[in-house]
Peer 1: 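A single structure is presented below for examination.
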Amino acid sequence: MGNGIEVIGFDADDTLWVNETYYYETEAEFCRLLSEYRESSKEISAELFKTETANMPLYGYGIKAFTLSLVETALRISNQKVPQSTIEKIIHLGKEQLSKPLELLDNVENVLNGLSKQFRLIVATKGDLLDQERKLKDSGLEKYFHHIEIMSDKKESDYLKLLGHLDINPEQFVMVGNSLKSDIIPILNIGGSAVYVPFHTTWEHEQADENSISSPRYRKIEKLSQVAGVIESLRTPNPENEWKIK
């Protein structure tokens with residue numbers, strides 16, 4: 001195996017298509033339903049985030065895990081007094097989010113079509129298996145991807161396992177995504193390259209300090225259509241250990 005870039009990985013949610021926007025909409029409706037139990041939506045959202053964080057090791061990521069956390073939070077902050085009708089509405093919110101139409105981000109297909117002629121492309125995303133498979137099918141983008149990996153988490157060990165499956169070195173891999181915590185920092189820490197494409201909203205759990213990143217293998221772009229140019233700028237190998245996070 002050489003050291004030139006061979007594979008480009010793409011996150012899915014909020015990198016290829018809209019996702020977090022729908023979570024914010026569902027959460028806002030949830031806060032409205034539970035408004036009698038706390039003084040503000042901010043307090044209810046804080047309680048929900050506390051529940052989600054505690055549940056991640058059990059449920060993982062995705063809408064189903066989110067819906068379970070909504071129900072648990074409603075029961076807790078109401079001291080088990082929330083009406084059954086409200087619980088039914090919360091469950092309906094989760095099902096409604098699962099049936100949202102897929103909305104591709106601007107220029108995604110053109111970008112993938114161009115890059116697929118030069119590189120192997122893969123999807124590396126977190127979330128619920130059935131939901132992510134549905135979205136990939138609905139997107140019409142599957143034809144551009146050599147491999148699709150729906151991951152339980154995106155830690156350094158998870159990426160190393162993925163690269164082993166792909167039979168490539170970290171130096172041969174670039175990850176493109178909207179989460180510094182999940183898509184960028186772990187890849188830089190194992191010696192790969194990463195391209196950060198911020199989305200206008202980011203889940204609190206996925207936030208990280210961009211100022212902690214100091215790496216010649218890191219690029220930040222404003223929109224996905226710029227990715228081909230920065231991939232080209234990353235194709236020259238970097239000296240050993242220059243990629244590490246401060």
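Bear in mind the structure is a predicted one, so any value in this text is a computation, not a measurement.
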Peer 1: Please determine whether residues Val111 and Leu104 belong to a single hydrophobic cluster, defined as Ile, Leu, Val, Met, Phe, Trp and Tyr linked transitively by side-chain heavy-atom distances below 4.5 Å.
Peer 2: yes
Peer 1: Return yes if some donor-acceptor pair links the side-chain N/O of Asp183 with the main-chain N/O of Ser179 below 3.5 Å, else return no.
Peer 2: yes
Peer 1: Would you find a donor on one side and an acceptor on the other, under 3.5 Å apart, between the side chain of Gln226 and the backbone of Glu222?
Peer 2: yes
Peer 1: Under a 4.5 Å cut-off applied to non-hydrogen side-chain atoms, are Leu33 and Leu93 in contact?
Peer 2: yes
Peer 1: Taking side chain as C-beta onward, heavy atoms only, is Ile8 less than 4.5 Å from Arg120?
Peer 2: no
Peer 1: Could you tell me which non-hydrogen atom of Ile5 sits nearest to which non-hydrogen atom of Val174, and how far apart they are?
Peer 2: CD1-CG2, 3.4 Å
Peer 1: Would you mind reporting whether Leu98 and Asp131 have side-chain heavy atoms less than 4.5 Å apart?
Peer 2: yes
Peer 1: Mind checking the CG-CZ spacing from Asp128 to Phe66? Nearest 0.5 Å is all I need.
Peer 2: 14.0 Å
Peer 1: Indicate yes or no: at least one non-hydrogen side-chain atom of Arg38 is less than 4.5 angstrom from one of Ile77.
Peer 2: yes
Peer 1: Any donor and acceptor pair, going by atom type alone, linking the side chain of Gln172 with main-chain N or O of Asn169 inside 3.5 Å?
Peer 2: yes
Peer 1: Going by heavy atoms in the side chains, are Asn107 and Lys223 under 4.5 Å from each other?
Peer 2: no
Peer 1: Using only atom types and a distance under 3.5 Å, with no angle test, would you say the side chain of Ser45 pairs donor to acceptor with the backbone of Lys42?
Peer 2: no
Peer 1: Measuring from Ile213:CD1 to Tyr218:OH, what's the distance to the nearest 0.5 Å?
Peer 2: 4.5 Å
Peer 1: Working to the nearest 0.5 angstrom, can you tell me the gap between Met175 CE and Leu162 CG?
Peer 2: 8.5 Å
Peer 1: Side chains of Val227 and Val197, heavy atoms from C-beta outward: is any pair under 4.5 Å?
Peer 2: no
Peer 1: Rounded to the nearest 0.5 Å, how far apart are CD1 of Ile90 and CD1 of Ile87?
Peer 2: 4.5 Å
Peer 1: Donor-acceptor check, side chain of Glu47 to backbone of Ile44, threshold 3.5 angstrom: yes or no?
Peer 2: no
Peer 1: Tell me yes or no: between the side chains of Asn113 and Asn110, is some donor less than 3.5 Å from an acceptor?
Peer 2: no
Peer 1: Measuring from atom CG of Leu163 to atom CD of Glu171, what distance do you get when rounded to the nearest 0.5 angstrom?
Peer 2: 9.5 Å
Peer 1: So which heavy atom on Pro198 is nearest to which on Ile221, and how close?
Peer 2: CD-O, 3.2 Å
Peer 1: Could you verify whether a donor N or O on one side chain and an acceptor N or O on the other, from Ser182 and Lys126, lie under 3.5 Å apart?
Peer 2: yes
Peer 1: Taking only residues at least two apart or on different chains, which pairs with a member in residues 82-103 satisfy salt bridge (Lys or Arg N to Asp or Glu O under 4.0 Å)?
Peer 2: Glu25-Lys100
Peer 1: Between Tyr59 and Glu52, do the side chains contain a donor N or O and an acceptor N or O under 3.5 Å apart?
Peer 2: no
Peer 1: Below 3.5 Å, can you tabulate the donor-acceptor pairs from side chains in residues 10-19 to any protein atom, sequence neighbours excluded?
Peer 2:
unit_1, atom_1, unit_2, atom_2, d
Asp11, OD1, Lys154, NZ, 3.0
Asp11, OD2, Thr15, OG1, 3.1
Asp13, OD1, Trp17, NE1, 2.7
Asp13, OD1, Lys135, NZ, 2.9
Asp13, OD2, Gln132, NE2, 3.2
Asp14, OD1, Asn19, N, 2.7
Asp14, OD1, Glu20, N, 3.0
Asp14, OD2, Glu20, N, 3.0
Thr15, OG1, Asn178, N, 3.2
Thr15, OG1, Asn178, OD1, 3.2
Asn19, OD1, Lys135, NZ, 3.4

Peer 1: Measuring from atom OH of Tyr144 to atom OG of Ser139, what distance do you get when rounded to the nearest 0.5 angstrom?
Peer 2: 10.0 Å
Peer 1: In the structure I gave you, are the side-chain heavy atoms of Thr125 and Ile150 within less than 4.5 Å of one another anywhere?
Peer 2: yes
Peer 1: Between Thr67 and Thr26, is there a side-chain heavy-atom distance shorter than 4.5 Å?
Peer 2: no
Peer 1: Residues in side chain to side chain contact (heavy atoms under 4.5 Å, CB included) with Thr51, at least two apart?
Peer 2: Asn55, Ser69, Glu72, Thr73, Arg76
Peer 1: Is there a donor-acceptor contact under 3.5 Å from the side chain of Tyr23 to the main chain of Ile63?
Peer 2: yes
